[in-house]
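Some notes on the structure that comes next.
Residue numbers begin at 1 in each chain, while the letters A, B, ... track the order of the sequences. Values reported hereafter were calculated over all heavy atoms of this structure, with side chains retained and with hydrogens, waters and symmetry mates removed. The structure presented is a predicted model; accordingly, all values stated were derived computationally and were not measured.
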2 protein chains.
Amino acid sequence: MTSSGAATAPTKRGRGEKSSATIYDIAKLAGVNPSTVSRALSKPGRVSAKTQKIIEDAAAELNYQVNPFARALPTGRTQTIGLIVADITNPTFFDIIRGAETTGSARDYTLVLAESAESPETEVIAARRLLSTVDGLILASPRMDDDHIRALAADKPVAVINREVKGVPCVVPDVNKGISEAVRSLAANGHENLAYVAGPKQSWMTARRWDGVKAAAEWSKLGAVRLESSKPTVDGGRQVARDVLESGATAVITYNDLLAIGLMQELQAGGMRVPDQISIVGFDDIFGADFTTPALTTVRSPLGECGTRAVTILLDMLQGHDGPDEAVRVETELVVRGSSGRLLA
Amino acid sequence: MTSSGAATAPTKRGRGEKSSATIYDIAKLAGVNPSTVSRALSKPGRVSAKTQKIIEDAAAELNYQVNPFARALPTGRTQTIGLIVADITNPTFFDIIRGAETTGSARDYTLVLAESAESPETEVIAARRLLSTVDGLILASPRMDDDHIRALAADKPVAVINREVKGVPCVVPDVNKGISEAVRSLAANGHENLAYVAGPKQSWMTARRWDGVKAAAEWSKLGAVRLESSKPTVDGGRQVARDVLESGATAVITYNDLLAIGLMQELQAGGMRVPDQISIVGFDDIFGADFTTPALTTVRSPLGECGTRAVTILLDMLQGHDGPDEAVRVETELVVRGSSGRLLA
DNA sequence: CAATTTTTGGCAACCGGTTGACAAAAGTTG
DNA sequence: CAACTTTTGTCAACCGGTTGCCAAAAATTG
């Protein structure tokens, strides 16, 4: 089965089990030069149909697989894209990861994942390390500063999700549509004062969302205050409940769903009825947003699509195309569930 | 162009931006042979302290980084481990991914992620592809059959999570402790008949859990029936609600939390009060299990720990140690929340 | 101080592909 | 049929590290 003509089996390697055929093995079997094999396998049309066939058969017989490293060494191409997220436990990133993985592997690219643990420094290090081994890099909600990002982008194709960086391809949910839907819906339900619970100071998105809320509130002639949270988690949401009550707002929009869920839990524990006494709107429509009672109304960002888009942009750039010069905007939309509604007395 | 002659800058490469120093650049700068540089940088103690210093300084000055591919080519070592999960959207895997990523990167290994989309065939293909580029592979709840797994394991170190495969290192939550706690707690609360909602037929775990439930129920002298679900998701949980009601059971243990959540939603929508009329216990304690009202009682599997353990085993094997000959068991425990309790009338 | 052992650094051959240059073979054209 | 163009396969030089082998240098010993 293995090799017919010459005596030796393909080179042994590893801990001495399986072997792996090389183009040299194929060349020997097919009676051609290794470089011809290389061309047959990667430069379509460069060799005659006849030789092509012979070589392909030989490759199939030997169960050949290119050695990615041997290929990467001279070419630099690795068929790999890197994804860096701030926090793997944060469900916001789940959909991004999935979108990226799916789109990537459909095009025969493998996803390499790294986490920055929310630290800008770790992030830079991880990015540097990754960048040398991948064809392109996706930064999801990066914490590092713009200059670092541009420095990375100067080296290899980089795409950014959830943040706008001048000169670097970005995929950013356009919050305005979703927010204005949310605010209009709240206004229509009789709310007059709303509160925005902000996320981490260094997050680019927290500012964008507050801008959107403020603008929409003005337009609808509602009062709007910004409250700070200690951290963008369920716990942070619980802690901010007191401030929310003191603010006198009857509707709350939070920086993300986790805050909303924590807030809702704490308010309900304190006897408030949602949405009769207070409406809560989250952000992102993460996994589990509909597990709550009432289910959470939220502004959905199409995060899976962000992942998909980012990969697509990256792969396009790898083909030699230019990245988009404007940030790619994906639409957000309000998902109305039970946690927002008419204000009862 | 690079090799000989005078004061050229390090080789340009890529789309003509940054350059990357090689050991040859360092060698030239330090006035030694490239092989000495290689040794200084990877074989501690092989060169004299003095030369070591000179080389390290030169490396630092040139801002040197090894080229992972060049290193991988002759050695086969890639500093990379692969993780294959059945479904990236399934929150069960989130913690596994995170545990693996964290432990891996602490030891300077990068995680490469792939998804099998629940298909045994895709899984085998992904595994094969990954295996050639990583030092070791983790299979989380694999869908392929035992022989395929053993074949992979013959090639390179492989660790399996959530399933036991003879001859391959496995990390498996020991469901018995958690289940017996759950069943005893239900019995103590006056329940006499319980139902187990099973997961996918091909899942090894669904059988183990049913075995556990059956045994514990017998021990506590409770009746136990097994019900099938169409799919292990929230939706599957909703669909099985009718069967649950018809079974007459007053307590339900489900294959996983998603089923439990869907079931609870559906039962509540139909007017049942949880836990007054029916108790629900899930499995895994996934993200969001405490978002529900009442919060979900569940048997927690330490999934993050599974990821960590699997990586540790793998890295140990890469050091030349043997893998554990017995499956590594991690403890499960009952997390009592609001969805289970005393049966009222 | 010579003989011997231990360190240390250099040489060169890999690892498994890719690719520019070139010549042989095949195909066209006058 | 010769001259010329195009196609196709081969040669050899990389890519950037690692490593076995050997000799020069340094350290140890008689």
Side-chain angles (χ1 to χ4, degrees), chain A residues 10-14 18-56 58-59 62-79 132-133 135, chain B residues 1-5 8 10-14 18-56 58-59 62-79 132-133 135:
Chain A
T11 350
K12 295 264 177 198
R13 73 117 171 259
K18 267 297 154 54
S19 47
S20 190
T22 71
I23 56 167
Y24 295 89
D25 301 320
I26 298 178
K28 207 185 301 173
L29 184 61
V32 298
N33 188 286
S35 57
T36 306
V37 176
S38 172
R39 292 211 173 88
L41 266 27
S42 51
K43 294 259 160 36
R46 182 54 173 65
V47 302
S48 67
K50 210 178 68 201
T51 341
Q52 179 86 27
K53 178 79 168 62
I54 299 177
I55 290 173
E56 274 169 4
L62 292 178
N63 194 282
Y64 171 77
Q65 297 192 147
V66 286
N67 177 324
F69 304 107
R71 170 171 286 172
L73 190 46
T75 61
R77 277 176 275 122
T78 68
Q79 291 290 103
S132 64
T133 62
D135 288 347
Chain B
M1 34 193 78
T2 12
S3 48
S4 61
T8 36
T11 345
K12 296 267 176 196
R13 73 118 170 257
K18 268 299 156 54
S19 48
S20 188
T22 73
I23 56 168
Y24 296 90
D25 300 320
I26 298 178
K28 205 186 302 175
L29 184 61
V32 298
N33 189 285
S35 59
T36 307
V37 176
S38 172
R39 290 202 178 94
L41 266 27
S42 50
K43 296 260 154 52
R46 182 54 173 61
V47 301
S48 69
K50 209 178 69 202
T51 344
Q52 179 87 26
K53 178 80 168 61
I54 298 177
I55 290 174
E56 275 169 2
L62 293 178
N63 194 282
Y64 171 78
Q65 296 191 149
V66 288
N67 177 324
F69 303 108
R71 170 171 288 171
L73 190 46
T75 61
R77 277 176 276 121
T78 67
Q79 292 289 102
S132 63
T133 60
D135 288 347

With a cut-off of less than 4.0 Å, is there a side-chain N or O of [X] near OP1 or OP2 of [N]?
{"X": "A:Y24", "N": "C:dC14", "result": "no"}
{"X": "B:S38", "N": "D:dG17", "result": "no"}
{"X": "B:S35", "N": "C:dG9", "result": "no"}
{"X": "A:R71", "N": "C:dT18", "result": "yes"}

So what does [X] touch, heavy atoms closer than 4.0 Å: a base, only the sugar-phosphate, or nothing?
{"X": "A:F69", "answer": "nothing"}
{"X": "A:T75", "answer": "sugar-phosphate"}
{"X": "B:V37", "answer": "nothing"}

(message) Go through it in stages, so that I can follow the logic: the residues are B:N67 and B:T22, the test is side chain to side chain contact (heavy atoms under 4.5 Å, CB included), and I'd like the CA-CA distance, side-chain angles, deciding distance and then a yes or no.
(response) CA-CA 8 Å; B:N67 177 324; B:T22 73; over 6 Å; no
For a 4.5 angstrom cut-off between non-hydrogen side-chain atoms, does [X] reach [Y]?
{"X": "B:T36", "Y": "B:I55", "answer": "yes"}
{"X": "B:L62", "Y": "B:L29", "answer": "yes"}
{"X": "B:Y64", "Y": "B:L41", "answer": "yes"}

Out of [options], whichever nucleotide has its closest atom nearest the side chain of [X]:
{"X": "B:N33", "options": "C:dC11, D:dG17, C:dC15", "result": "C:dC11"}
{"X": "B:R39", "options": "C:dC11, D:dG16, D:dT18", "result": "C:dC11"}
{"X": "A:N67", "options": "C:dG17, D:dT19, D:dT8", "result": "C:dG17"}
{"X": "A:P74", "options": "D:dT10, D:dG17, C:dG16", "result": "C:dG16"}

Interatomic distance where [atom1] belongs to [X] and [atom2] belongs to [N] [whole Å]:
{"X": "A:R77", "N": "C:dT18", "atom1": "CZ", "atom2": "C1'", "result": "9 Å"}
{"X": "A:L73", "N": "C:dC15", "atom1": "CG", "atom2": "C1'", "result": "9 Å"}
{"X": "A:I23", "N": "D:dC14", "atom1": "CD1", "atom2": "P", "result": "18 Å"}
{"X": "B:L62", "N": "D:dG16", "atom1": "CG", "atom2": "P", "result": "14 Å"}
{"X": "B:K28", "N": "C:dG10", "atom1": "NZ", "atom2": "P", "result": "15 Å"}

(message) Heavy atoms within less than 4.0 Å of DNA chain C: which residues of residues 41-50 of chain B have one? Give them sorted by number.
(response)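 Residues of residues 41-50 of chain B under 4.0 Å from DNA chain C: B:R46, B:V47, B:S48.
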(request) Might you point out which heavy atoms bring B:A30 and B:A58 nearest each other, and give the distance in Å? (result)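 Scanning both residues completely, I find the closest heavy atoms to be CB-CB, 4.2 Å.
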(message) Tell me if the side-chain of B:T22 makes a donor-acceptor pair with the base of D:dC15, cut-off 3.5 Å, by modelled atom types.
(response)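 For B:T22, whose side chain was compared with the base of D:dC15, there is no donor-acceptor pair (under 3.5 Å).
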(message) Working to the nearest 0.5 angstrom, can you tell me the gap between A:K53 NZ and A:E56 CD?
(response)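 The distance works out to 8.0 Å.
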(message) Using the salt bridge (charged side-chain N to carboxylate O under 4.0 Å, His left out) criterion, which residues pair with B:K43? Sequence neighbours excluded.
(response)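 With sequence neighbours excluded, B:K43 shows a salt bridge (charged side-chain N to carboxylate O under 4.0 Å, His left out) to no residue whatsoever.
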